[in-house]
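Okay, structure first, notes after.
Worth saying up front: this structure is predicted, and the values here are computed from it rather than measured. Here is the naming used below: chain letters follow the sequence lines, and residue numbers restart at 1 for every chain.
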Amino acid sequence: MSDIRVRFAPSPTGYLHVGGARTALFNWLLARKQGGTFILRIEDTDVERSTQESVDAILQGMQWLGLDWDEGPFYQSDNFPLYKEYIQKLQDQGKAYKCYCSAEELEAKRELAMKEGRKPKYDGTCRCRADQPAGQPYVVRFRAPQEGSTSFDDLIKGTITFPNEELDDLIIQRTDGTPTYNFCVVIDDAIMRITTVIRGDDHVNNTPRQIQLYEALGFPVPQFAHVPMILGADKTRLSKRHGATSVIAYRDMGFLPEALVNYLVRLGWSHGDDEIFSREEMIQKFDIGNVGRSASVFNTDKLLWLNAHYIKTGDPARLAELLTPFLVERGINPHSGNPDLATVVKTLQERARTMIEMADGSLFYYRTPESYDAAALSKFTKEHLLAVYEAVALTLGKSTTQTAPEIDALFKELCAEKGWKMPQVGQPVRIALSGGTQAPGIGEIIATLGIQETVLRLDRVRDHILTCQ
RNA sequence: GUCCCCUUCGUCUAGCCCGGCCCAGGACACCGCCCUUUCACGGCGGCGACACCGGUUCAAAUCCGGUAGGGGACGCCA
């Protein structure tokens, strides 16, 4: 047990994307490993872009991934009075001041500075201003130290130092009186007593300013850990044009949450040569210090491999449950009679990389084939097919076997008896039962389908051959 | 432009802090072979990288310096 306190603080302007999910995961892992507290905080200070739908989507994503939080969700917007209080305090202490420069003026100065090759920072026009023009719109700026440097020991990146002259007097309160992000995070993290801030490394540049704020406010400075970005295949920042980025989209594409989590944890972090981690192993082995310093590319192939692994080793009953919505989507109600869905799942676990593939692969169990793979069928003569189907139907009809191995043995016997090779029998029967050539083992199919249905399908395929050829 | 960060197989990475065990290990993908009643699973093997240049050293992926490339930030967004 420790008193480590971490937080995940997304802004509700969209769904939970994989980058955010990984940041959340690292926070969660650290908290769980150390017996600390994981807090969820919604950063909705941007009233314009924040939506309730986004909040719901983020919570849904977190829940699906199994990232449970101990406190929250808290909303930044609930703390507005508190922010005001601290802004006033800073002003009273002379650590912040009113700035009457207009946004347009500043924008112009910024552009000019850029063009002249100077750092586009605030020029300090109002920093030492004595008068306070009444009725004029103003923002409140933090009076930042102008000399020396600010540095911190990043848990992931090591020591990072910024010369203070690079940092300008940032705005902490807008013209409309609302506080800005860099100020709110500091207050929130301070009052929530966050000990370790784990976030995306696009925040590295904000960190020295925030540290100055902590110090000005008299709050203890937390530790920081900046996790590198996730890139698309072309090594640019991951975005929609790289395909799905929402974790819920991965669910809908038939991925298992444990596969995504396992994939995400290995993106940037490693533990020797280990690839597969159960939740417990992840928690036990995770170490924020082992997170890599460079950005990594999101690779769907590897995710697919992990997903296949978890499907292969998953509990059939649970997989059956997860599979159900995909079947319903395909117009099948798997609970209305045979075959048993968990049994179906078992025959497909080694053949499906996603729940979508599994759903597609299981359709034939619930729907008698409407057509047969003609090319595959054409490899055999009509006479041979009819002979096989008749013999198999006969054998099956008088047998009482139930299990796949027993049925497979039956086929072997039949082959020996008739002088057929296994492929000469297996393939035609597979086509008869599933319509195509890619399906589970013959014994598995028949055991799952049941003898009765099997014989029915054999009759059907015989009719088909008789009438169509 | 300025500041900050990053750089090992196509991709994820081990190794780097504490130089030699590394002519660099694992995984995904790819290729080949085997297994096999189809498709898969699985097994075996192959391809494939220390960004570059200098320095230190008996010895450098590992330490130091520089160069190049990439990314991020520079908002009254978060």
Side-chain angles (χ1 to χ4, degrees), chain A residues 9-13 43-46 48-50 76 99 101-103 106-107 110 113-122 137-141 154 157-158 160-163 165-168 170-176 178-182 184-185 200-208 226 228-229 231 233 235-237 263 266-276 292-306 308 312 348-353 357 361 373 376 408 411-412 415 421-431 434 436-443:
Chain A
S11 56
T13 53
E43 310 221 312
D44 57 349
T45 29
D46 185 355
E48 298 291 303
R49 297 194 301 154
S50 300
Q76 222 162 34
C99 169
C101 300
S102 72
L106 294 170
E107 186 52 38
R110 238 193 312 273
M114 283 277 223
K115 212 183 312 171
E116 292 177 354
R118 285 179 292 117
K119 173 96 180 166
K121 60 181 236 181
Y122 178 59
Y138 64 89
V139 297
V140 176
R141 283 186 187 271
D154 193 279
K157 305 211 177 224
I160 299 177
T161 305
F162 288 82
E165 59 181 348
E166 287 301 324
L167 280 15
D168 59 3
L170 92 153
I171 293 171
I172 56 179
Q173 185 181 85
R174 304 183 181 96
T175 310
D176 64 3
T178 57
T180 58
Y181 166 77
N182 277 105
C184 298
V185 252
D201 73 357
D202 47 338
H203 287 284
V204 170
N205 295 277
N206 291 328
T207 308
H226 288 99
M229 296 197 307
L231 311 175
K235 301 214 174 188
T236 63
R237 195 185 202 126
Y263 178 71
R266 276 286 289 106
L267 209 52
W269 175 77
S270 60
H271 182 270
D273 287 337
D274 299 351
E275 294 288 350
I276 308 285
R293 288 165 297 277
S294 54
S296 30
V297 174
F298 193 90
N299 180 222
T300 313
D301 278 333
K302 189 152 185 180
L303 207 209
L304 227 30
W305 171 74
L306 277 164
K312 245 177 288 175
L348 263 8
Q349 279 180 283
E350 297 201 330
R351 287 165 240 269
R353 294 179 303 171
E357 287 182 5
D373 185 332
D408 279 331
F411 272 79
K412 289 227 166 65
C415 281
K421 294 257 188 283
M422 196 55 192
Q424 296 177 286
V425 182
Q427 201 66 332
V429 172
R430 191 183 330 278
I431 296 164
S434 75
T437 59
Q438 303 184 12
I442 288 297

base_contact_polar ([N] base, [X] side chain, donor-acceptor, <3.5 Å):
X	N	answer
A:Asn205	B:G72	yes
A:Asp201	B:G72	no
A:Glu275	B:G26	yes
A:Arg293	B:C6	no
A:Thr175	B:C76	yes

Which whole number of Å gives the distance between the [atom1] atom of [N] and that of [M]?
N	M	atom1	answer
B:U11	B:A51	P	13 Å
B:G25	B:G46	P	11 Å
B:A24	B:U38	P	39 Å
B:C58	B:G19	P	15 Å
B:C16	B:G75	C1'	39 Å
B:A73	B:C28	C1'	33 Å
B:U67	B:C3	P	13 Å
B:A27	B:G45	P	10 Å

Can you tell me if the side-chain N/O atoms of [X] get under 4.0 Å from OP1 or OP2 in [N]?
X	N	value
A:Lys235	B:G69	no
A:Thr437	B:C39	no
A:Thr45	B:A78	yes
A:Arg110	B:G1	no
A:Thr180	B:C77	no

I want to verify the glycosidic state of B:C41; is it syn or anti under the 90° rule? syn
Find the partner of [N]: check Watson-Crick (N1-N3 plus N6-O4 or O6-N4) and G-U wobble (N1-O2, O6-N3) distances, both under 3.5 Å, and reply none if neither fits.
N	result
B:G1	B:C74
B:C17	none
B:A49	none

Side chain of [X] - closest among [options]:
X	options	result
A:Val297	B:A78, B:C12, B:C76	B:C12
A:Met422	B:C4, B:A78, B:U37	B:U37
A:Met114	B:G1, B:G26, B:A78	B:G1
A:Arg174	B:C76, B:C39, B:C6	B:C76
A:Glu350	B:A27, B:C41, B:C76	B:C41
A:Asp301	B:C28, B:C6, B:C76	B:C28
A:Arg351	B:C76, B:U37, B:U38	B:U38
A:Asp408	B:U37, B:C76, B:C4	B:U37

Spacing between [X] atom [atom1] and [N] atom [atom2], to the nearest angstrom:
X	N	atom1	atom2	answer
A:Gln349	B:A40	CD	C1'	13 Å
A:Ile160	B:C4	CD1	P	10 Å
A:Asp202	B:G71	CG	C1'	11 Å
A:Tyr122	B:A73	OH	C1'	21 Å
A:Ile431	B:C39	CD1	C1'	12 Å
A:Leu170	B:C74	CG	C1'	12 Å
A:Ile276	B:C28	CD1	C1'	11 Å
A:Asn182	B:A78	CG	C1'	9 Å

Mind checking [X] for me? I need base, sugar-phosphate or nothing, with any heavy atom below 4.0 Å counting as a touch.
X	answer
A:Asp168	nothing
A:Ile442	base
A:Pro208	nothing
A:Val139	base
A:Thr161	sugar-phosphate
A:Lys157	sugar-phosphate
A:Gly361	nothing

Do you know which two heavy atoms are closest between [X] and [Y], and how far apart they sit?
X	Y	result
A:Gly443	A:Asp408	N-OD1, 3.1 Å
A:Leu348	A:Pro440	CD1-CG, 3.5 Å
A:Lys157	A:Arg293	NZ-O, 3.4 Å
A:Ser296	A:Gly268	OG-N, 4.1 Å
A:His271	A:Asp274	ND1-OD2, 2.9 Å

Given the rule in the side-chain contact (heavy atoms from CB on, under 4.5 Å) test, do A:Ile160 and A:His226 qualify, once you have shown the distances and angles that lead to the verdict? CA-CA 11 Å; A:Ile160 299 177; A:His226 288 99; 5.6 Å; no
Identify whether a stacking contact exists between A:His203 and B:A78, where the ring centres must be under 5.5 Å apart and the planes under 30° apart. yes
Given RNA chain B, 5'-ward residue of the pair A:Gly292 and A:Pro423, judged by closest heavy atom: A:Gly292
A:Ser102 or A:Glu166: which one's nearest nucleotide on RNA chain B is closer to the 5' end? A:Glu166
Classify the side-chain pair A:Asp176/A:Thr178 by whether it contains a donor and acceptor separated by less than 3.5 Å. yes
Report the C-alpha separation of A:Glu166 and A:Lys121 in whole Å, then their side-chain angles, then the decisive distance to 0.1 Å, and conclude whether the salt bridge (charged side-chain N to carboxylate O under 4.0 Å, His left out) test is met. CA-CA 8 Å; A:Glu166 287 301 324; A:Lys121 60 181 236 181; over 6 Å; no
Distance-only, no hydrogens or angles: does the A:Arg430 side chain make a donor-acceptor pair with backbone N or O of A:Gly436 under 3.5 Å? no
Positive for ring-ring contact (aromatic ring centres under 6.0 Å, His included) with A:Tyr263, one of A:Phe298, A:Trp269, A:Trp305: A:Phe298
